[in-house]
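Start at 1 with the first residue, then count along the sequence.
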Amino acid sequence: MKRCPECRKDYLDDSLLYCLDDGSMLVQGSVTDEPPTAILSGDAISSERQTRYIGAAHETDVPNAPSTETAESSRSPIWIVRALRSGWVVSGILLLVLGGALLFTYISSGGSKSGSAGVVRYEIAAPPKSALNLVRWPSIALSPDGKTTVFVATTDGIQRLYARRRDETTVKPIPGTEGAAHPVFSPDGKWIAFVSNRALKKTTLDGQGSTVLQVDDARGISWADNDSLIYTPDAAASLFRVSTEGGEPTPVTKLDPAKNERTHRWPQVLPNGKAVIFTAGTVDSPDSYEKANIEAVDLATGDTRVLLQGASIARYSPSGHLIFARGGSLYAVDFDQETLSVSGKPQMVMQGVSGDETTGAVHFAIAADGTLSYIPGSPAANMRRLSWVDSAGTVQPIDLNAAQYNDVRISPDGSRIAMLVGSTGSGDVWVYDLARATSTRLTFNTRNSTPVWSPDGKSIYYMDIDPSTAVSVIMRKPADGSSDAEAVNSLPNTAYLKAITPDGTSAIFDFQRNTANGGIVQARLEQGAPHTDLVDLVKTQFSENDTSLSPDGRWLAYKSNESGRPEVYVRDMTGAGGRWQISTEGGEEPHWSRNMRELYYRNDRLLMSVPIVTTPTFQAGKPVNLFGGLFDLRTNSGNTYDVDPKTGRFLMMRPAEESTAPSVVVVLNWFDELRRLVATQ
């Protein structure tokens, strides 16, 4: 006779291994209360049992995986049995059927009822001909009970939300979520908030959704409760709260100029509802969040405090930890949500998690039941390659090693590329010779940005931004590196060099007036020129940047958010006062063709072209989509591509690992592994 140690149900059939009611392992024994004897021999299951990995169709042991189970978990269902007591007669077919059924029951229910069930992993692959979105926003969400995973993928050029329930085998698109990013479940699991087409929206799993309010370039969403959201409306903004039915948002935090703060992003309301944790980024590092702070704000008082330094995003774990990202790995540190205090030394708990360093987004989510979901990645995920792309969208990679390229600019004769290696404001300027396939490093202090060629192609101007004062110094150095750089002027705040006038006497800048407002200024290129000599070219209550000067120096193209979303405009530089809107459905990062007959701009993942006539008067035609599939690799300077003045091709940055389409990994009972790793270290 065998019995279930949990429900105490007895079975006369000695061939059964597991209880048919709750899946617990049957043991030999009687109806007495004496401790039962396990049916497996002593060496049947090693005390160093391996973590299980559940694939799409089978289960295998992960080699050399650390122990994740306690002695109490030795009664959990396992259908791979190494040894059976001699004399047992077990039907192979019956064992397979029962094992498969019990495994399905186990995964569906989240584990057995008796203590720790051990760590189980399985993968969710993106739909056929799809790729997961790894740029700009966090791409996965878990329902509070851990049973549903939602992620962002692009299929046939359309980005949308997909859902996979744990007890189902298929991935299903969520209707009405085209263009969606950054999904977040409500506390009751009934709604999903997300951003799409510069709007904050909500939907159910079956696609019954609505728009909450318009946003700009949002950077984070969290449910304060089932009826309100806390969010960051723009890349350079603080936190706000709004009803899920819309209405007027109210501020939650305020950027602190004394701390040089530029953004409060990636919020999460703690389970007790009393505070919000978030990422605080600074003006001197707009495109890298590896050194950002994790802070908390008390919702009752508005007081903020720094919890961690040197982290890009953090999430609360019901295990009593803060889980935060740094350098492609996840770390855990003890955290008390009542006192908003961390204690102990952070411990690494997982390597190889994908993210976007330029925004601080990292692709992982934690559910209250102990489930972890993440997208695997490597440090190379933030690496980029340079490619030529023609007007038909045909891509020709440049034979240059992958690196964190930014701010690419082509020389006037088309023979060389000036570029930043590193993030804007914290990288170095290099020059790549296309014919010789050689690179020359021009700077060595890793605090530079936006190289621009002189009109004759002999020199390169760039900005040296002091991280302690945010003063931006205009530097000039021979393009061949034959002599030292010289300072030719400075600006009092963060400024990005966008163009040198055709006569070489002055420069045009995107000028950061404060953390939320930018304008366009012009300054002379001469040593000792005072700050008061700055000329405002575009100065309004709105934010204007992404400046592009026409080759003849007369027309200024730029982006403004005055309409509520970014659009491209052109102004007459002669003082005649002419101004024209170029884009019609959103646009940013304009570039002129060499003959000024076209103006290009980027609308999310599309490259648009507008025919231009400048004589006798300025006229702009209707925007035309040249090609899609662009990678929105965010840079604060707005320099992600350039136009070859000789061939008209586009020089573009693309992810170094764009050919791979990773899967979402789901880890059940992850808290067991988390506690063991923290305790061991």
Side-chain angles (χ1 to χ4, degrees), residues 137-138 141 143-144 180-204 209-257 259 261-281 292-307 313-316 322 335 337-338 340 359-361 365-366 368 514-517 543 561 564-565:
W137 294 286
S143 59
H182 191 16
V184 182
F185 272 94
S186 61
D188 61 11
K190 295 179 179 180
W191 292 92
I192 302 167
F194 62 97
V195 293
S196 175
N197 300 320
R198 298 190 180 273
L200 181 57
K201 301 182 178 183
K202 65 176 184 177
T203 185
T204 58
S210 62
T211 297
V212 177
L213 82 166
Q214 296 298 126
V215 292
D216 196 358
D217 193 8
R219 287 292 183 269
I221 313 168
S222 180
W223 292 79
D225 49 46
N226 290 317
D227 301 312
S228 63
L229 298 165
I230 289 180
Y231 70 104
T232 305
D234 194 15
S238 59
L239 303 182
F240 289 79
R241 184 170 186 160
V242 68
S243 166
T244 57
E245 301 304 318
E248 188 67 24
T250 57
V252 174
T253 62
K254 185 178 180 179
L255 299 174
D256 188 348
K259 297 180 181 178
E261 289 184 337
R262 171 181 176 268
T263 176
H264 292 168
R265 57 180 58 191
W266 313 135
Q268 185 192 26
V269 179
L270 294 175
N272 62 15
K274 298 179 180 179
V276 183
I277 58 174
F278 60 91
T279 302
N293 289 338
I294 303 300
E295 299 187 8
V297 56
D298 187 310
L299 290 175
T301 65
D303 295 336
T304 62
R305 66 176 64 184
V306 176
L307 302 178
I313 192 173
R315 291 292 178 255
Y316 176 77
L322 275 188
F335 176 67
Q337 66 168 323
E338 297 298 330
L340 297 180
T359 67
I366 304 169
N514 52 54
T515 56
N517 186 268
S543 184
N561 65 354
R565 67 180 180 188

Original post:
Going through the checks in order, is the side chain to side chain donor-acceptor pair (under 3.5 Å) test met by Arg265 and Thr232?
Top reply: CA-CA 6 Å; Arg265 57 180 58 191; Thr232 305; over 6 Å; no
Original post:
Taking only residues two or more places apart in sequence or in another chain, which ones pass ring-ring contact (aromatic ring centres under 6.0 Å, His included) with Phe278?
Top reply: His264
**OP:** Determine whether Ile294 and Thr279 make a side-chain contact, defined as any pair of heavy atoms from C-beta on separated by less than 4.5 Å.
**Re:** yes
Original post:
Between Asp234 and Arg219, is there a side-chain N and carboxylate O pair less than 4.0 Å apart?
Top reply: no
Subject >> Heavy-atom side-chain contact between Asn561 and Asp217 under 4.5 Å >> reply: no
Original post:
Quick one: side-chain hydrogen bond (donor to acceptor under 3.5 Å, both in side chains) partners of Arg315, sequence neighbours excluded?
Top reply: none
Original post:
Taking all atoms of both residues into account, what is the closest heavy-atom pair of Pro138 and Ile313, and its distance?
Top reply: CG-CD1, 4.3 Å
Subject >> Heavy-atom donor-acceptor pair, Trp137 side chain to Ala218 backbone, under 3.5 Å >> reply: yes
**OP:** For Asp216 and Arg198, run salt bridge (charged side-chain N to carboxylate O under 4.0 Å, His left out): C-alpha distance rounded to whole Å, both residues' side-chain angles, the deciding distance at 0.1 Å, then the answer.
**Re:** CA-CA 5 Å; Asp216 196 358; Arg198 298 190 180 273; 2.6 Å; yes
Original post:
Which pair of heavy atoms, one from Pro144 and one from Gly189, lies closest together, and at what distance?
Top reply: CD-CA, 3.8 Å
Subject >> Pairing of Lys254 and Glu261 as salt bridge, 4.0 angstrom limit >> reply: no
**OP:** With rounding to the nearest 0.5 Å, note down the distance linking OG1 in Thr244 to CG in Leu213.
**Re:** 11.0 Å
Original post:
Just by distance, do the side chain of Asn293 and the backbone of Glu295 share a donor-acceptor pair under 3.5 Å?
Top reply: no
Subject >> Heavy-atom closest contact (Tyr316 atom, Ile366 atom, distance) >> reply: O-CD1, 4.4 Å
**OP:** Mind listing the closest non-hydrogen atom pair of Val184 and Ile221 along with its distance?
**Re:** CG2-O, 3.6 Å
Subject >> 4.5 Å side-chain heavy-atom contact, Thr253 and Phe240 >> reply: no
**OP:** Nearest 0.5 Å please: distance from the CG atom of Leu229 over to the OG atom of Ser186.
**Re:** 9.5 Å
Original post:
Taking side chain as C-beta onward, heavy atoms only, is Ile230 less than 4.5 Å from Leu299?
Top reply: yes
Original post:
Checking Ser238 side chain against Leu255 main chain: does a donor-acceptor pair fall under 3.5 Å?
Top reply: no
Subject >> Nearest heavy-atom neighbours spanning Val276 and Pro267 >> reply: CG1-CB, 3.7 Å
Subject >> Minimum-distance pair of heavy atoms, taken over all atoms of Thr211 and Ala199 >> reply: CG2-CB, 4.1 Å
Original post:
Among Asn226, Asp225, Val269, whose side chain to side chain contact (heavy atoms under 4.5 Å, CB included) with Pro187 holds?
Top reply: Asn226
Subject >> Side-chain heavy atoms of Val195 within contact of Tyr231, under 4.5 Å >> reply: no
**OP:** Starting at CG of Leu239, measure out to CZ of Arg241 and round the result to the nearest 0.5 Å.
**Re:** 11.5 Å
Subject >> Pairwise distance CG(Asp227) to CD(Glu245) - rounded to 0.5 angstrom >> reply: 7.5 Å
Original post:
Can you pull the ring-ring contact (aromatic ring centres under 6.0 Å, His included) pairs that have at least one residue in residues 180-202, sequence neighbours excluded?
Top reply: His182-Trp266
**OP:** Mind checking the CD-CG spacing from Gln214 to Asn197? Nearest 0.5 Å is all I need.
**Re:** 9.0 Å
**OP:** Test Lys274 against Gln337 for side chain to side chain contact (heavy atoms under 4.5 Å, CB included), laying out the working first.
**Re:** CA-CA 9 Å; Lys274 298 179 180 179; Gln337 66 168 323; over 6 Å; no
